[in-house]
Amino acid sequence: MAIAMVTERLKALRRTKLYDLFAAAPLIAWYGFCAAQLLPSVTQQVALVNLFVRTDPSVLPATLVLRTVSQVSTLAFLALLVVMFTARRIPQRATPGLYPRFAALAGTFLSVGFLLLPPQELSYAFYLTSLLLVIAGTLLAICALLVLGRSISILPEARRLVTSGPYAIVRHPLYLGEIVALAGIALQYLSAWALLLLALVSAFQLQRMKYEELVLLQSFPEYEDYMARTARLVPGVY
């Protein structure tokens, strides 16, 4: 009887906002730390662009502008993640098992491995391409995150069904944006290891999408119709 009561209380606790906030605390701390580390660099980049604009805008390098936009958008994305994970809804259902959690965490954090690789000297065209990919991917991720809002999760969980904005076109625009941005980062570290890391992250993200779709199907009957009219990542392709 006592064990049953404790079990029920633990289940009730897991359905509270306090428990969810405690579970999200490491993520909030991590993204907050990343934002704090990036902020001085963003400040310097913005000040440098401002100096060029005030003195001689004609010699302002396009790569400097794009690099600044890339860093500002990344900082905005990290700040949004902190806010959304702090204010997110309590999950209605979660996928059981260890592997779905492992796949979600691997898909999220394996990209940190790029920091262990040496950056490569790129041609102007390659460097420009990498910056454009990072900017495009990050802006798409920001747009998706603003629509997803308080329903954000790292692990496969169902909070609220979101089908508007970019989610009306593809089922996982947030992950698509992250993969595109990561492809841009991989270009800056271009090597066999960078390509392998990009492939691994993408593979785990695909597994993560499948588990999320399963839990959403279990929680929202209308999700099946939504799946039938939308692509997973690329309309008309996949």
Side-chain angles (χ1 to χ4, degrees), residues 27 30-31 34-35 37-38 41-42 45 61-81 84 102-148 152-154 156 165-167 169-213 230-238:
L27 296 170
W30 168 252
Y31 290 125
C34 292
Q37 292 295 109
L38 185 60
S41 176
V42 171
Q45 293 286 335
T63 52
L64 175 60
V65 175
L66 291 176
R67 188 165 64 246
T68 304
V69 172
S70 170
Q71 291 191 352
V72 169
S73 59
T74 301
L75 182 62
F77 181 60
L78 292 170
L80 267 175
L81 285 171
M84 296 307 180
F102 171 77
L105 292 173
T108 302
F109 294 110
L110 266 180
S111 56
V112 177
F114 282 107
L115 299 178
L116 303 176
L117 301 177
Q120 302 295 314
E121 289 290 335
L122 299 178
S123 67
Y124 179 82
F126 260 70
Y127 186 56
L128 194 64
T129 300
S130 74
L131 289 176
L132 289 172
L133 284 171
V134 172
I135 291 170
T138 305
L139 290 178
L140 174 58
I142 288 173
C143 180
L145 183 56
L146 286 171
V147 175
L148 184 63
I152 188 171
S153 297
I154 289 290
Y167 287 90
I169 304 171
V170 294
R171 298 196 293 277
H172 302 281
L174 178 56
Y175 300 151
L176 175 60
E178 290 176 348
I179 291 172
V180 170
L182 198 58
I185 293 172
L187 271 181
Q188 297 176 20
Y189 296 89
L190 191 58
S191 65
W193 287 111
L195 294 176
L196 176 62
L197 190 55
L198 177 62
L200 276 174
V201 171
S202 301
F204 279 119
Q205 289 286 56
L206 289 174
Q207 289 294 305
R208 182 182 182 186
M209 294 173 207
K210 292 177 182 178
Y211 285 115
E212 283 192 4
E213 289 173 1
T230 55
R232 178 172 280 161
L233 281 178
V234 182
V237 179
Y238 179 71

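Not measured: the values here are computed from a predicted model.
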Does CZ in Phe109 sit with more than 12 non-hydrogen atoms of other residues, nucleotides or ligands closer than 6.0 Å?
yes

Search all heavy atoms of Leu233 against all heavy atoms of Val170 and return the closest pair with its distance.
O-CG1, 3.1 Å

Within-4.5 Å side-chain heavy-atom neighbours: Thr108 and Arg208
yes

What are the two closest non-hydrogen atoms of Ala186 and Leu198, and how far apart are they?
CB-CD2, 4.1 Å

Where is the tightest heavy-atom contact between Tyr211 and Pro156, given as atom of each residue plus distance?
CB-CG, 3.8 Å

Straight-line distance of Phe77 CZ to Leu146 CG, nearest 0.5 Å:
10.0 Å

Could you give me the CA-CA distance, side-chain angles and deciding distance for Ile179 and Val201, then say whether side-chain contact (heavy atoms from CB on, under 4.5 Å) is met?
CA-CA 8 Å; Ile179 291 172; Val201 171; 5.8 Å; no

Just by distance, do the side chain of Arg171 and the backbone of Thr230 share a donor-acceptor pair under 3.5 Å?
yes

To the nearest 0.5 Å, what is the distance between CG on Leu206 and CE on Met209?
5.0 Å

So which atom in Gln71 and which in Ser41 form the shortest heavy-atom distance, rounded to 0.1 Å?
OE1-OG, 3.0 Å

Testing the basics here: between Gly236 and Ala231, what is the closest heavy-atom pair and its distance to 0.1 Å?
N-CB, 4.4 Å

Once you round to the nearest 0.5 Å, how far does CG of Leu78 lie from OH of Tyr31?
8.0 Å

In Å, rounded to the nearest 0.5 Å, how long is the span from CG of Leu110 to CG of Leu105?
10.0 Å

Under 4.5 Å between any side-chain heavy atoms of Leu116 and Trp193, yes or no?
no

Can you find a pair of side-chain heavy atoms, one from Leu195 and one from Tyr189, that are under 4.5 Å apart?
no

Is there a donor in the side chain of Gln120 and an acceptor in the side chain of Ser191, or the other way round, less than 3.5 Å apart?
no

Would you say that Val147 contacts Leu174 through its side chain, given a criterion of any heavy-atom pair below 4.5 Å between the two side chains?
no

Side-chain polar contacts of residues 128-140 - donor-acceptor pairs under 3.5 angstrom, sequence neighbours left out - could you list them?
residue: Thr129; atom: OG1; partner: Ala125; partner atom: O; Å: 2.8
residue: Ser130; atom: OG; partner: Tyr127; partner atom: O; Å: 2.7
residue: Ser130; atom: OG; partner: Gln188; partner atom: NE2; Å: 3.4
residue: Thr138; atom: OG1; partner: Val134; partner atom: O; Å: 2.6

Just by distance, do the side chain of Ser123 and the backbone of Phe126 share a donor-acceptor pair under 3.5 Å?
yes

Under a 3.5 Å threshold, yes or no: a donor from one side chain and an acceptor from the other, between His172 and Glu213?
yes

Give a yes or no on whether the ring-centroid distance for Phe102 and Phe204 is below 6.0 angstrom.
yes

pair Leu197-Ser111: side-chain heavy atoms closer than 4.5 Å:
no

To the nearest 0.5 Å, atom CD of Gln207 lies from atom OG of Ser202 at 12.5 Å

Measure the OH-CZ distance between Tyr175 and Arg232 for me, rounded to the nearest 0.5 Å.
12.0 Å

